[in-house]
Amino acid sequence: MSETGGVREVKSAARTVELLELLAARGDRPARLQELADELEVPRSSMYALLQTLISRGWVRTDVTGSLYGIGIHALLTGTSYLDSDPRVRLVRPYLDEASQALGETIHMARLDGRDVAYLATRESHEYLRTISRVGRRLPAHVGALGKALLAERPDADLPEGPYRALTPNTRTSREALAADLAGVRARGWSIDREEGVLGIVGFGFALRYDTPAQDAISCSVPVARLSAAHEERIVAVMRETRAKIEARAPGGGGGSVHWRS
């Protein structure tokens, strides 16, 4: 049995979390009982009992036939509580509004979570509206401006060995290429994602250094068709100013609030 911080992991709790994470990662692709049992290497009977328990509590939902399973509404309620209770998210939100209004572009806030970044807040451009909100979604840190801004705050020795997953033909998939890119981020003070995560979109990322190393970052996403040299220069200026305002307002060491580890 594995240990966390010197305490033995509770197998049933770990299995429950693994199941919920698996269902969440599948998005709009519901799973069958056998798929889940095989994926988590759990006996079919044990998986069925766990699913029924979670269905009764709203963490998992099933279709009318009882043969397909997906993430339940209580996952959303818990996620919303996380966003509402997080002092960093509350601090940053008004500045996302301000930057979006100034630039007319989409502004994001995200947090590093292992090898991914998780989107915590988004202000959509009126010119380029997504059909699906990014809040609560994850993206590999190596492919986007947000993730690269945060990876650059850490030593290259922390980078995992490649090759990395490619989301577009422009994604940097080798450790060496990513490290070279991060060196440029450190020299500039911000990251640039030129269609590495999404074709047709360029991103500019800025780590928020109210924690060491930085856990959060903000970014501006712009369709390539609207990105001129002058607009890029303005984006960088506005986003640098936005970062400075946020960092100036962030209380040191939690400012009397709970200072969460993650």
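Side-chain atoms are counted along with the backbone in the values below, which use heavy atoms only and exclude waters and symmetry mates.
Using modelled atom types, no side-chain atom of R123 and backbone atom of I107 make a donor-acceptor pair closer than 3.5 Å. The backbone N or O of A75 sits nowhere less than 3.5 Å from a side-chain atom of T78 that would complete a donor-acceptor pair. Judged purely by atom type and a 3.5 angstrom limit, R154 uses its side chain to pair as donor or acceptor with the backbone of L150. With hydrogens and angles disregarded, no donor-acceptor distance shorter than 3.5 Å links the side chain of S100 to the backbone of T106. Panel note: side chain Y164, backbone E161; no donor-acceptor pair is recorded below 3.5 Å. Between the T122 side chain and the H108 main chain, no donor and acceptor come within less than 3.5 Å of each other.
Under a 4.0 Å N-O distance rule, the pair E153/R209 qualifies as a salt bridge. Between D181 and R194 there is no salt bridge, since none of the side-chain N atoms of the basic residue sits less than 4.0 Å from a carboxylate O of the acidic one. We find that R29 and E35 are not joined by a salt bridge, their nearest charged nitrogen and carboxylate oxygen being 4.0 Å or further apart.
Here the side chains of P140 and R115 are not in contact, with every heavy-atom distance at 4.5 Å or above. F204 has its side chain within reach of L227: a pair of non-hydrogen atoms, C-beta onward, lies under 4.5 Å apart. Residues D193 and L146 have side chains not in contact (no heavy-atom distance under 4.5 Å, counting atoms from C-beta outward).
Nearest heavy atom pair, residue A99 against residue T242, reads CB-OG1, 3.8 Å.
Remark: R188 CZ is packed, more than 12 non-hydrogen atoms of other residues, nucleotides or ligands lying under 6.0 Å away.
Under the salt bridge (charged side-chain N to carboxylate O under 4.0 Å, His left out) criterion, E241 pairs with K245, sequence neighbours left out.
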